[in-house]
Structure formats: C-alpha cells, structure tokens
Q: 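So that we are looking at the same thing, I have put the structure below in structure tokens.
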Amino acid sequence: WGLFHRGGVDMELELPDDSSATHASLTLRYPPRLLAPLLALSYAGAFRAAAELSGAQNVSVRVSTHDAERVVYDLSWT
C-alpha cells in the first residue's frame, strides 16, 4: 500500500502533427519500482478503451518499454 501511494505519475502523450495520424506514443513516468509489469499491462487495456470510446477503430496498444521508472505505450488505430 505504501508503494502504491509513493509519489505521483506523470503522463506524456506524443501525437504526430498530422491530424489524420493513426498512431501515438504515451509515456508514464513514476517513482522507482512503482508500476509492476502486470499493472502496466492493465493500463494498456484502459488506454485502448479510452481510444475506442473517442471513436478510434481497430485500436492496438502495446507496451514498447517498461523499466523501473517509466512505461511507454505505442498506440495505433484506424
């Protein structure tokens, strides 16, 4: 419980300048060892649901990097 509430999580969304883009990168930064691999995967499902609710179709979210202080998600859609 103490680890869960230790520090904050920063989110950075990188979208291409092109308004017709079909991909993005999302980075979460957090205190060391705060986010376990299973939790990182569960967030991927939440980000996929958010993209689908915004109207995106054929959404794919994959964890491209996961280390002690950050996780990077690659999102794509049509």
Q: What residues form a side-chain hydrogen bond (donor to acceptor under 3.5 Å, both in side chains) with E14, not counting sequence neighbours?
A: none
Q: Give the table of side-chain donor-acceptor pairs shorter than 3.5 Å for residues 54-63, with sequence neighbours excluded, one pair per line with atom names and distance.
A:
{"residue": "S54", "atom": "OG", "partner": "A51", "partner atom": "O", "Å": "2.7"}
{"residue": "N58", "atom": "ND2", "partner": "T78", "partner atom": "OG1", "Å": "2.9"}
{"residue": "R62", "atom": "NH2", "partner": "D74", "partner atom": "OD2", "Å": "3.2"}

Q: Not counting sequence neighbours, which residues clear side-chain hydrogen bond (donor to acceptor under 3.5 Å, both in side chains) with D17? List them please.
A: none
Q: Start with the C-alpha gap between L26 and M11, add the side-chain angles, then the distance that decides, and say whether side chain to side chain contact (heavy atoms under 4.5 Å, CB included) holds.
A: CA-CA 7 Å; L26 178 76; M11 185 183 308; 3.4 Å; yes
Q: Is a side-chain donor or acceptor of H66 paired with a backbone partner of L35 at a separation under 3.5 angstrom?
A: yes
Q: Does F47 have any ring-ring contact (aromatic ring centres under 6.0 Å, His included) partners at least two apart in sequence or in another chain, and if so, which?
A: Y73
Q: Rounded to the nearest 0.5 Å, how far does CD of E52 lie from CH2 of W77?
A: 12.5 Å
Q: Does the side chain of L39 come within less than 4.5 Å of L41's, by heavy atoms?
A: no
Q: Please determine whether side chain to side chain contact (heavy atoms under 4.5 Å, CB included) holds for the pair Y43 and V71, giving the CA-CA distance in whole Å, both sets of side-chain angles, and the decisive distance to 0.1 Å.
A: CA-CA 10 Å; Y43 281 147; V71 59; 5.9 Å; no
Q: Under the salt bridge (charged side-chain N to carboxylate O under 4.0 Å, His left out) rule, collect the residues that match up with E69, sequence neighbours excluded.
A: none
Q: Just how far is it from atom CZ of R70 to atom OG1 of T65, taken to the nearest 0.5 Å?
A: 5.0 Å
Q: Closest heavy-atom contact between V9 and Y30?
A: CG2-CB, 4.1 Å
Q: Roughly how far, to the nearest 0.5 Å, is CZ of R29 from CG of D67?
A: 9.0 Å
Q: A side-chain contact here means heavy atoms from C-beta on lying under 4.5 Å apart; do L75 and S25 qualify?
A: no
Q: Listing request: all salt bridge (charged side-chain N to carboxylate O under 4.0 Å, His left out) pairs with a residue in residues 35-47, at least two apart in sequence or in separate chains.
A: none
